[in-house]
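The chains referred to below are lettered A, B, ... by the order of the sequence lines, with proteins before strands, and numbering in each begins at 1.
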Amino acid sequence: MTDQSAATDQPGSLPADPSAVQDALVAWYEADHRSYPWRETTDPYEILVSEVMSQQTQLDRVVDAWEDFLDRWPTAATLAEADRADVVGFWTSHSLGYNNRAKYLHEAAGQVVEDYDGEWPRDPDGLSELMGVGPYTANAVASFAFNNGNAVVDTNVKRVLYRAFDVPDDDSAFESAASALMPEGQSRVWNNAIMELGGVACEKTPDCDGAQCPWREWCSAYETGDFTAPDVPTQPEFEGSRRQMRGRVISALKEYDELRLDQLGPRVRVDYAPQGEYGREWLRGLLDDLADDGLVEIDDGGDGATARLQK
DNA sequence: TTCCGGAAGT
DNA sequence: ACTTCCGGAA
């Protein structure tokens, strides 16, 4: 093997002339890829909804949730007018997790209507102003809606770059490598393609030959057989966790508009006892956090506190 | 039990 | 820099 991966000023060993690598990946993607309905639209609102949902959930279930969501709130304007409680309730009833993000999406829709007069920002910097839109989502929406993004860096992209071109496990290295590799003006197809590569060929357990990976001839891991991937932090256990309890609170309040603490408690923990370790005091702390997050309202009536979803 | 993962808050 | 936020599937 000769010096086709000559070192440049980039970290790792990106090809000095990336055009062959770029063409191979785009051709591979265009020849065949998974079909998702959000790949058929360039509406920034629809794209944003799909991005926020698919950060957290298996794509097959996102399809149904995405279609239901857009049936119910087809535009940013309709979502902005919705009650917060309905959006959070939708999120929970579709098992989408992280209901904070339902709140963010609702708020972002409000920003587009109020601050931007319904006119979506068309570049990553502008999109980053929207609530809940960070670097990844800003570039994804700019790319898929406007073909106007920078290279996305998600864990798929990191894994691919780490393996193929020995990019060190470092956020700024990934960002500059991803950026150097992206063909100018082709963010829509490119970001789709490189994430598709990470999703179907270069997963944790790679499937280079089965998926006909277009980068085998340049790939460091394919050459050496070392398919180590960057460390991903392991999740704390979900069962019994605070996030599980928060989810139960939201579900219960969606089902019953308003509940007193002692009615809510047993729906959150079977071992709820008003004076026990997991009693009113504990539940109140949980609800205060949810109220701080803007998800729940607490009404301290004379007859004991009641909770409901935030309007 | 492990995997998957971007954004905000502190 | 570190923690919190969710839940289904493999």
[atom1] of [X] versus [atom2] of [N]: gap in Å, rounded?
X: A:Asp289; N: C:dC6; atom1: CG; atom2: P; result: 11 Å
X: A:Asp293; N: C:dC6; atom1: CG; atom2: P; result: 7 Å
X: A:Asp292; N: B:dG9; atom1: CG; atom2: P; result: 12 Å
X: A:Leu105; N: C:dC6; atom1: CG; atom2: P; result: 15 Å
X: A:Tyr136; N: B:dC4; atom1: OH; atom2: C1'; result: 13 Å
X: A:Phe174; N: B:dG6; atom1: CZ; atom2: C1'; result: 16 Å
X: A:Trp91; N: B:dA7; atom1: CH2; atom2: C1'; result: 13 Å
X: A:Lys103; N: C:dC6; atom1: NZ; atom2: C1'; result: 15 Å

request  = Give the ring-plane orientation class for A:Phe90 versus A:Trp73, where under 30° counts as parallel, over 60° as perpendicular and anything between as tilted.
outcome  = perpendicular
Side chain to side chain contact (heavy atoms under 4.5 Å, CB included) partners of A:Ser93, counting only residues at least two apart =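 For A:Ser93 the side chain to side chain contact (heavy atoms under 4.5 Å, CB included) partners, ignoring immediate neighbours, are A:Lys254.
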ask   = Ion pair present between A:Asp257 and A:Arg308, side-chain N to carboxylate O less than 4.0 angstrom?
value =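 The answer is no: the pair does not qualify as a salt bridge.
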inquiry  = Within the 4.0 Å heavy-atom criterion, would you say A:Val133 contacts the bases, only the backbone, or no part of the nucleic acid?
reply    =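 A:Val133: backbone/sugar contact only, no base atoms under 4.0 Å.
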Output the single nucleotide from [options] whose closest atom is nearest the side chain of [X].
X: A:Met131; options: C:dC6, B:dA7, B:dA8; answer: B:dA8
X: A:Tyr104; options: B:dC3, B:dG6, B:dA8; answer: B:dA8
X: A:Pro135; options: B:dG6, B:dC4, B:dA7; answer: B:dA7
X: A:Leu295; options: B:dG9, C:dC6, B:dA7; answer: C:dC6

task = Output yes when a side-chain donor or acceptor of A:Glu196 lies under 3.5 Å from a complementary backbone atom of A:Arg34, and no otherwise.
result = yes
request  = Using the test ring-ring contact (aromatic ring centres under 6.0 Å, His included), find all partners of A:Trp28 that sit at least two apart in sequence or belong to another chain.
outcome  = none
query = Do the side-chain N or O atoms of A:Arg246 get closer than 4.0 angstrom to the phosphate oxygens (OP1, OP2) of C:dC6?
reply =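 So the side-chain polar atoms of A:Arg246 do come within 4.0 Å of the phosphate oxygens OP1 or OP2 of C:dC6, strictly under.
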inquiry  = Less than 4.0 angstrom between a side-chain N/O of A:Asn100 and OP1 or OP2 of C:dT4, yes or no?
reply    = no
Residues touching DNA chain B, which here means a heavy atom under 4.0 Å, drawn from residues 144-164 of chain A =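 The stretch gives A:Asp154, A:Thr155, A:Asn156 as the residues lying under 4.0 Å from the strand, ordered by number.
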ask   = A:Lys204 or A:Ser128: which one's nearest nucleotide on DNA chain B is closer to the 5' end?
value =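 Nearer the 5' end of the strand: A:Lys204.
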Run the side-chain donor-acceptor check on residues 148-158 of chain A: report pairs under 3.5 Å with partners two or more places apart or on a different chain.
| from | atom 1 | to | atom 2 | distance (Å) |
| --- | --- | --- | --- | --- |
| A:Asn148 | ND2 | A:Arg122 | O | 2.6 |
| A:Asp154 | OD1 | A:Asn156 | N | 3.1 |
| A:Asp154 | OD1 | A:Val157 | N | 2.9 |
| A:Asp154 | OD2 | A:Asn156 | ND2 | 3.4 |
| A:Asn156 | OD1 | A:Arg159 | NH2 | 2.8 |
| A:Lys158 | NZ | A:Asp171 | OD1 | 3.2 |

ask   = What pair of heavy atoms forms the shortest contact from A:Val141 to A:Pro44, and how long is it?
value = CG1-O, 4.2 Å
query = Is it the case that A:Arg163 places NZ or CZ above or below the six-membered ring of A:Trp215, under 6.0 angstrom from the centre and within 45 degrees of the axis?
reply =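 The answer is no; the distance or angle limit is not met.
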Between protein and nucleic acid, restricted to nucleotides 8-10 of chain C and to nitrogen or oxygen atoms under 3.5 Å apart, what atom pairs and distances do you find?
| from | atom 1 | to | atom 2 | distance (Å) |
| --- | --- | --- | --- | --- |
| C:dG8 | OP1 | A:Ser95 | OG | 3.3 |
| C:dG8 | O4' | A:Arg61 | NH2 | 3.1 |
| C:dG8 | N2 | A:Gln58 | NE2 | 3.1 |
| C:dG8 | N3 | A:Gln58 | NE2 | 3.4 |

ask   = Does a donor on one side chain sit under 3.5 Å from an acceptor on the other, for A:Asp43 and A:Thr41?
value = no
ask   = Got a sec, which residues hit salt bridge (charged side-chain N to carboxylate O under 4.0 Å, His left out) with A:Arg242, two or more places apart in sequence or on another chain?
value =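 So A:Arg242 forms a salt bridge (charged side-chain N to carboxylate O under 4.0 Å, His left out) with A:Asp289.
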inquiry  = Looking at the base of C:dG7, is there any donor atom on it, or on the side chain of A:Arg243, that sits under 3.5 Å from an acceptor on the other one?
reply    = no
